[in-house]
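Below: the structure, in structure tokens.
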2 protein chains.
Amino acid sequence: MANETSETETAQLSLREADTPSSKLQLFGADEPLELDAGTSLAPWQIAYETYGTLNADKSNAVLICHALTGDQYVASTNPITGKSGWWTRMVGPGRPIDTNHYFVICSNVLGGCLGTTGPATTNPATGKPYALEMPVVTIRDMVRAQARLIDKLGIDTLFAVVGGSMGGMQVLQWAASYPERVFAAVPIATGARHSSQNIAFHEVGRQAIMADPMWEGGSYIASGTRPTKGLAVARMAAHITYMSDESLHQKFGRNLQDRETLTFGFDADFQIESYLRHQGMTFVDRFDANSYLYVTRAMDYFDLAGQFGGTLANAFKNSSTRFCIMSFTSDWLFPTSESRAVVKALNAAAANVSFVEIDCDRGHDSFLLDVPEMFSTIRGFITGSAIARGIPIPGGSN
Amino acid sequence: MANETSETETAQLSLREADTPSSKLQLFGADEPLELDAGTSLAPWQIAYETYGTLNADKSNAVLICHALTGDQYVASTNPITGKSGWWTRMVGPGRPIDTNHYFVICSNVLGGCLGTTGPATTNPATGKPYALEMPVVTIRDMVRAQARLIDKLGIDTLFAVVGGSMGGMQVLQWAASYPERVFAAVPIATGARHSSQNIAFHEVGRQAIMADPMWEGGSYIASGTRPTKGLAVARMAAHITYMSDESLHQKFGRNLQDRETLTFGFDADFQIESYLRHQGMTFVDRFDANSYLYVTRAMDYFDLAGQFGGTLANAFKNSSTRFCIMSFTSDWLFPTSESRAVVKALNAAAANVSFVEIDCDRGHDSFLLDVPEMFSTIRGFITGSAIARGIPIPGGSN
């Protein structure tokens, strides 16, 4: 347990240092605008990314990993600022299910994010000041458009696989829908084809907490030299509860007291769960930008894949030849299995190639980031089988 | 649906007017201190309450209704300030399951509350200023102690029934454990014998939201002439999500847009659920005191009935002759049926008289406040049967 990282605990970036991340940067100039769903475009813009492994000669072994709400591009490498290891090193690396000895893995910071890719903290060329709320609201489809432009620049036609959990899974589904011919295999984990009312509600609470903080300054806190750390911490605390299950909270914390034997009859953190949440909130503000939190949560709320295809989800996958592996977790109440089943149903209706696994795990939504052996073995099997189908030479892959 | 009230929507009190509520007030002087679990005592103190129906000659027909976190004493009468009808008029009133033609119903504002009973907004006699955080932290047991003192003053020895949902149900369980000989029948609904780690977590988010608001002023906002309305609204929004089920949110709001046909690509309330939550937050601050929210949530967090009895819940009910009717709702994820089952198990272990019903209802924790026919018929049956057992003359009660 102690060595496990969750979505919460991955990277402890200093945002000031993150303004000049160590990542590879792909720049797009004023003549290469990114068209956005908002009806406007962004130029110039840039995308920060990491790669692992080697692209083979026919460029058939590229795997794109899509990160979740507060994730980053350091999927399998030490974050140079925090010194913490990558957020999915169990999944991606030499000998791992997504084996960097065989695959060329790409992971980019999402559009609207705060670790190098253009987002609300980026300088607005029109004003010379940070965009703040002048940044157009972006969507999951916009994030995927930006990734596709990166993939273009890398000279890759078809991705062998696109893999991600939670908001990363939304991007996977969007990739499969927007660029079916460019995705050989897709692995959306612990996700759904739309954000539910309850999920929008939790995000709205987080946004209201940020915007209620007077230090937010109508979004222009960077220009004001302030930071809405209290509001952002509250937002993170609320969200963090949704990443765990009732059962895992009970097992991990129960009603255990924090460094004391009796209740204090006060409002300090008597219970371990309180202390834990406060810590999650406080450390989060050191690694994440409040406006990025607004933008990226908004992108998730806006996600409704069926809505892009006349209200019928199956239309999103019509004539798709992508191979899908859908995965959910029994205790995930943020993206319950019913959301995955709706995707599976639509894929079946579209006669797509789909396998579906609901994994029995009591650790809630964050399960996809944790040590869940059945997830790794399932993905290892799916990826290896897909590699054979794709004709990627994998030692032992034909066994 | 339109006429239904939920825990959120019951009363729209103006807090300033509430300082002089129309309720009956029971005053306890400096010579009548209330002993508290915190190891201190409160004096003078007062309790505000409402009554309905008539106490019979042998005082055997008194029913105490215990309200939930943000409830009030106006269970079955128009709130004189808001003009809104009582929060449980479906349950309590002439011809209702708890029939005020037959029973004498008492409902008091909880200790720590803000509608007339002593709480953090009450003037501290030692300073002449509102208690604020000088008010001792109170517990569910303290709330029940205060109620018992009121019942003493009313000259009632044994309550015919004690009934309540959520935090009201905690009080019911505490009554049965603290004063078994004074409770003939007990109806704890949608509750548990302890507050879970997840529930503490949600409360802690709410408290942090309030305390993060600079208008909170370290708790002394009344003296400062400020009010932490933004923080309190965020707290209420987060809590409100937990009172509904994913399914009921989906049915009620889904992804419907608010007064518009397309997304705005901004941070206004695009979705109905956002608008609804914002409304809940904004109206709540008009009727509830922020410090009371801290105190009453803390009381719930501290509740652990087994902890009062050496860690064994069954000991809380040893030799109890109280008749119990335990009730839970299938879609209640805040106090899931498993919490009720733990109480039933303990009651069975104590050889108590217990019936248990899990009601199939998709409307979440707030179900106990809504129009759920099976709940009413079950409680009507249980109350009538108990009245017969107690020898209370009920017309038709012997049929």
Side-chain angles (χ1 to χ4, degrees), chain A residues 36-40 133 136-139 194-198 200-202 204-205 207-209 211-214 219 230-231 233-234 237-238 240-241 244-246 249-256 263-267 269-274 276-278 281 294 298 301-302 304 307 333 336, chain B residues 36-40 133 136-139 194-198 200-202 204-205 207-209 211-214 219 230-231 233-234 237-238 240-241 244-246 249-256 263-267 269-274 276-278 281 294 298 301-302 304 307 333 336:
Chain A
L36 301 175
D37 280 342
T40 178
L133 298 197
V137 164
V138 298
T139 65
R194 50 140 212 202
H195 218 217
S196 74
S197 191
Q198 189 183 63
I200 294 170
F202 277 115
E204 173 66 1
V205 167
R207 286 189 296 262
Q208 289 295 318
M211 296 193 282
D213 188 332
K230 288 185 177 179
V234 169
M237 289 172 67
H240 192 75
I241 302 172
M244 300 178 75
S245 67
D246 185 27
L249 284 166
H250 178 68
Q251 285 181 9
K252 198 167 181 174
F253 305 108
R255 294 180 49 84
N256 297 336
L263 299 170
T264 62
F265 291 91
F267 297 102
D270 271 352
F271 297 99
Q272 287 178 9
I273 177 63
E274 296 177 298
Y276 172 78
L277 276 183
R278 290 184 189 188
L294 301 182
R298 203 53 164 161
D301 291 353
Y302 275 17
D304 180 9
W333 58 276
Chain B
L36 301 175
D37 280 343
T40 178
L133 297 198
V137 163
V138 298
T139 64
R194 49 141 212 203
H195 218 217
S196 74
S197 190
Q198 189 183 61
I200 295 171
F202 277 116
E204 173 65 2
V205 167
R207 286 190 296 262
Q208 289 294 318
M211 297 194 280
D213 189 330
K230 287 186 177 178
V234 168
M237 290 172 68
H240 193 75
I241 302 172
M244 300 180 75
S245 68
D246 185 26
L249 284 165
H250 178 68
Q251 285 180 9
K252 197 165 181 176
F253 306 108
R255 295 180 48 84
N256 297 337
L263 298 170
T264 62
F265 290 91
F267 297 102
D270 270 351
F271 297 100
Q272 286 177 10
I273 177 62
E274 296 178 298
Y276 173 78
L277 276 184
R278 289 183 189 189
L294 301 182
R298 203 51 164 162
D301 291 353
Y302 274 18
D304 179 9
W333 57 276

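Every heavy atom of this structure was used, including side-chain atoms; hydrogens, water molecules and symmetry mates were not. Each chain gets a letter, A, B and so on, in the order the sequences are listed, and its residues count up from 1. Keep in mind that what you see is a predicted model, and the values were worked out from it rather than measured.
- Heavy atoms closer than 4.5 Å to chain B are found in the side chain of A:L277, but not in its backbone.
- Using a 4.5 Å cut-off between heavy atoms, A:N256 does not touch chain B at all.
- With a 4.5 angstrom heavy-atom cutoff, B:D213 does not touch chain A via any of its atoms.
- Contact tally against chain B (heavy-atom pairs below 4.5 Å) for A:H250, A:K230, A:R298: the top residue is A:R298.
- For B:H240 and B:Y276, the side-chain atoms include at least one donor-acceptor pair closer than 3.5 Å.
- The main-chain N or O of B:V205 is never found under 3.5 Å from a side-chain atom of B:Q208 such that the two would form a donor-acceptor pair.
- A distance-only check finds no donor-acceptor pair linking the side chain of A:Y302 to the backbone of A:V138 [under 3.5 Å].
- For the pair B:Q198 and B:W333, the minimum side-chain heavy-atom distance is below 4.5 Å.
- For the set A:A212, A:S245, A:A38, the entry with the most heavy-atom pairs within less than 4.5 Å of chain B is A:A38.
- Of the two parts of B:T139, only the side chain, counted from C-beta on, holds a non-hydrogen atom closer than 4.5 Å to a non-hydrogen atom of chain A.
- Across every non-hydrogen atom of B:L249 and A:S197, the tightest pair is O-OG, 3.5 Å.
- The two residues A:P214 and B:P214 come nearest to each other via the heavy atoms CG-CG, 3.4 Å.
- With respect to A:R255 and A:D270, no salt bridge is recorded, no charged nitrogen being found less than 4.0 Å from a carboxylate O.
- Neither the backbone nor the side chain of B:L36 comes within less than 4.5 Å of any heavy atom in chain A.
- A:F202 places none of its side-chain heavy atoms less than 4.5 Å from the side chain of A:I241.
- Of all the listed residues (A:G266, A:G231, A:G39), the one sharing the greatest number of non-hydrogen pairs under 4.5 Å with chain B is A:G266.
- Taking A:H195, A:M237, A:E274 one by one and counting their heavy-atom pairs under 4.5 Å with chain B, the maximum is reached by A:E274.
- Your options are A:L263, A:D304, A:L294, A:V234, and the one with the most heavy-atom pairs under 4.5 Å with chain B is A:L263.
- Comparing A:R194, A:M244, A:M211 by how many heavy-atom pairs each has under 4.5 Å with chain B, the most go to A:R194.
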